2 protein chains.
Amino acid sequence: MPPTDLNMTPGDSTRGRILLEAGPIFAEKGFRATTVREICEQAHVNVASINYYFGDKRQLYHQTVVLAREMRVEQVPEPNWDDTTDPQQKLLDFITLILRRLVAMQTEPWQVRLLMREILEPTETCKHLVEEYFRPFFDTLCGIVDDLVGHRLPEPTRNKIGFSIIGQCLYYRFSAEMTRLLIEQQDYVDQYDLDNLAHHIHLFSIGGLKQYQTLENLRPPNSIATKQ
Amino acid sequence: MPPTDLNMTPGDSTRGRILLEAGPIFAEKGFRATTVREICEQAHVNVASINYYFGDKRQLYHQTVVLAREMRVEQVPEPNWDDTTDPQQKLLDFITLILRRLVAMQTEPWQVRLLMREILEPTETCKHLVEEYFRPFFDTLCGIVDDLVGHRLPEPTRNKIGFSIIGQCLYYRFSAEMTRLLIEQQDYVDQYDLDNLAHHIHLFSIGGLKQYQTLENLRPPNSIATKQ
DNA sequence: AACTGTATTAAACACTTGTTTAATCACAAC
DNA sequence: GTTGTGATTAAACAAGTGTTTAATACAGTT
């Protein structure tokens with residue numbers, strides 16, 4: 001029976017080497033388009049090794065996604081807050097955390113690409129990802145929103161505010177390549193760095209949140225007039 | 001030489017039938033994972049027909065993307081405004097237009113899936129898409145933002161506001177499947193219908209825009225304090 | 001009826017895919 | 001030294017890929 005390499009630094013063993021070489025390739029080309037032969041060539045192992053260590057290609061993919069999440073959490077740790085931390089500061093920190101960990105401006109680590117693939121086209125692996133990672137992440141954001149609004153919002157409303165904040169951030173990951181076609185290349189480098197973007201999204205979101213601080217905006221949308 | 005079917009209703013001819021059957025399959029599985037044999041089987045044509053009519057698989061794909069855009073514009077026409085239309089109403093109409101045409105809540109027409117693929121992983125076809133479709137679309141939004149803010153913003157700032165609005169909308173397309181894993185299935189059906197979402201995004205964005213109506217927030221982010 | 005150019009077809013081609021097999025290697029235990 | 005066990009290998013396998021070819025069918029024209 002092949003070894004499982006739990007709690008070991010990948011890269012030392014043959015199994016770990018496969019994992020670390022497979023990750024970037026899966027991230028770049030997706031599960032289907034990636035060939036086991038390319039992975040094995042990169043890792044300098046025989047084509048049979050993948051089936052020997054992981055059973056099949058699918059289980060290897062699953063393991064790379066799990067590893068990607070673990071590495072990303074370690075690479076970009078959460079900010080440490082205490083009871084006195086200002087909610088506005090918390091929001092800015094949180095936006096910065098998303099941009100750093102999941103958007104990764106300019107650069108694009110393979111771990112990020114892989115996780116984005118799971119958001120866009122979830123496989124079985126994504127359920128694991130949501131429960132272990134995204135849900136606690138989102139709950140943290142909802143807590144900050146509650147503090148900033150100052151009173152209890154209906155859950156769907158609070159969720160939508162959360163999605164508005166996350167959506168602004170993730171735009172720069174999902175639409176990055178198209179955005180580069182849309183605006184001046186030089187502007188993109190100069191004006192869309194991490195701090196600049198975090199500042200804008202924070203400012204814009206604080207404004208959006210203010211709309212929900214007054215109770216009058218909480219009524220449901222009664223007969224919105226839209227054409228067609 | 002095979003016919004080109006310009007200005008013809010697809011579906012009548014063999015060529016048109018291939019195009020209409022290829023679209024949904026490319027949308028569902030992507031270019032690479034789609035096989036010409038599956039397309040030909042669906043369209044009840046011989047495997048050689050694709051090469052006969054389109055040259056190769058790639059050119060067929062390009063034509064399906066162009067067709068998808070044309071159909072989507074026709075299916076969801078732009079609202080008609082005049083000089084007296086309120087900018088706030090314009091913004092709501094525009095948000096509704098994005099949600100209808102590009103996000104398509106609940107349902108997911110193959111044309112939308114195909115266009116999203118081009119945003120996420122642009123091929124050569126995307127350049128054509130940006131110039132013919134996305135750029136004028138985005139310019140319209142920027143015009144509305146200008147009207148609402150009331151004074152001239154630096155272009156990168158105005159663009160970022162535009163991206164904040166579009167980002168909130170596209171979130172519900174890109175992260176739709178993951179969001180369904182995150183929140184109650186029933187809530188998603190009840191609380192995230194098109195009008196409800198348009199209302200929230202409109203309200204939230206109006207708040208965000210107000211932050212830029214006062215000139216004081218226009219200074220660059222000077223030394224934002226973020227951990228790590 | 002013969003010709004012409006387009007449309008369609010079955011079959012073959014050359015190549016890549018994930019997986020399996022059986023042989024070989026390395027190395028510790030006895 | 002022999003044995004045994006896990007690691008690694010080259011080779012083969014079976015299925016699927018996009019594309020090409022050469023033959024055939026079918027109109028419309030002369």
Side-chain angles (χ1 to χ4, degrees), chain A residues 1-65 114 117 123-125, chain B residues 1-65 114 117 123-125:
Chain A
M1 195 166 56
T4 50
D5 270 23
L6 291 177
N7 307 328
M8 264 190 68
T9 309
D12 300 350
S13 60
T14 299
R15 191 192 128 97
R17 197 145 29 88
I18 293 173
L19 222 38
L20 281 183
E21 293 295 339
I25 302 175
F26 277 133
E28 184 62 30
K29 312 168 94 169
F31 175 78
R32 178 87 197 260
T34 297
T35 70
V36 295
R37 278 179 170 80
E38 183 180 359
I39 295 170
C40 291
E41 197 177 337
Q42 283 288 323
H44 302 101
V45 298
N46 188 270
V47 279
S49 301
I50 283 178
N51 301 79
Y52 178 73
Y53 280 103
F54 299 93
D56 58 20
K57 184 187 174 187
R58 173 64 62 181
Q59 290 177 73
L60 167 61
Y61 174 80
H62 177 84
Q63 290 302 324
T64 61
V65 175
L114 204 50
R117 282 194 184 279
T123 67
E124 275 298 306
T125 304
Chain B
M1 194 166 58
T4 49
D5 270 23
L6 290 176
N7 307 328
M8 264 192 67
T9 308
D12 300 350
S13 61
T14 300
R15 190 191 127 99
R17 196 145 30 87
I18 293 173
L19 222 38
L20 282 183
E21 293 294 338
I25 302 176
F26 278 133
E28 184 62 30
K29 312 168 92 169
F31 175 77
R32 177 88 196 261
T34 298
T35 70
V36 295
R37 281 178 168 80
E38 183 180 359
I39 295 171
C40 292
E41 198 176 338
Q42 283 288 322
H44 301 100
V45 298
N46 189 269
V47 280
S49 301
I50 283 177
N51 301 79
Y52 179 71
Y53 280 104
F54 298 93
D56 58 18
K57 183 187 173 186
R58 173 65 63 182
Q59 290 177 73
L60 167 61
Y61 174 80
H62 176 85
Q63 290 303 323
T64 61
V65 175
L114 203 51
R117 282 195 184 279
T123 67
E124 276 298 307
T125 304

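Below, chain A is the first sequence line, B the second, and so on; all start at residue 1. Worth saying up front: this structure is predicted, and the values here are computed from it rather than measured.
Considering only side-chain N and O atoms, B:Tyr52 lies nowhere under 4.0 angstrom from the phosphate OP1 or OP2 of C:dT8. Residue A:Thr35 places none of its side-chain N or O atoms closer than 4.0 Å to OP1 or OP2 of C:dT16. In terms of phosphate contacts, B:Thr14 brings a side-chain nitrogen or oxygen within less than 4.0 Å of OP1 or OP2 of C:dT8.
With C:dT19, D:dA7, D:dT19 as the choices, the nucleotide that has an atom nearest any side-chain atom of A:Tyr53 turns out to be D:dA7. Nearest nucleotide to the side chain of A:Asn51, out of C:dA7, C:dT20, C:dT17: C:dT20. Minimum atom distance to the side chain of B:Ala48 is reached by D:dT20, of the listed D:dA11, D:dA7, D:dT20.
Between A:Glu38 and A:Lys29 there is a salt bridge, since at least one side-chain N of the basic residue sits less than 4.0 Å from a carboxylate O of the acidic one.
Going from atom CD1 of A:Ile50 over to atom C1' of C:dT21 covers 17 Å, rounded to whole Å. Straight-line distance from the CZ atom of A:Phe54 to the C1' atom of C:dG18: 16 Å, rounded to whole Å. Distance, A:Ile25 CD1 to C:dG18 C1': 15 Å, rounded to whole Å. As rounded to whole Å, 13 Å separates atom P of C:dA10 from atom NE2 of B:His44. In this structure, the CD atom of A:Glu41 is 13 Å from the P atom of D:dT9, given to the nearest Å.
Taking both residues in full, the closest heavy atoms of A:Asp56 and A:Asn51 are given as CA-ND2, 4.1 Å, listed atom of the first, atom of the second, then distance. A pairwise comparison of heavy atoms in A:Val45 and A:Ser49 identifies CB-OG, 3.7 Å as the closest pair. Here the closest non-hydrogen pair linking B:Arg32 and B:Lys57 is O-NZ, 3.5 Å.
A heavy atom closer than 4.0 Å to some atom of DNA chain D occurs in B:Asp56, B:Lys57, these being the qualifying members of residues 55-64 of chain B.
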A:Ile18 and A:Phe54: CA distance, side-chain angles, deciding distance, side-chain contact (heavy atoms from CB on, under 4.5 Å) verdict | CA-CA 10 Å; A:Ile18 293 173; A:Phe54 299 93; 3.8 Å; yes
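Counting heavy atoms from C-beta on, the side chains of A:Leu60 and A:Phe26 come closer than 4.5 Å. Taking the side chain as every heavy atom from C-beta outward, A:Thr123 and A:Phe31 never approach each other to under 4.5 Å.
For a distance-only test at 3.5 Å, the side chain of A:Asn46 fails to qualify as a donor-acceptor partner of the base of D:dA7. Evaluation of atom-type donor-acceptor distances gives a pair under 3.5 Å for the side chain of B:Arg37 against the base of D:dG18.
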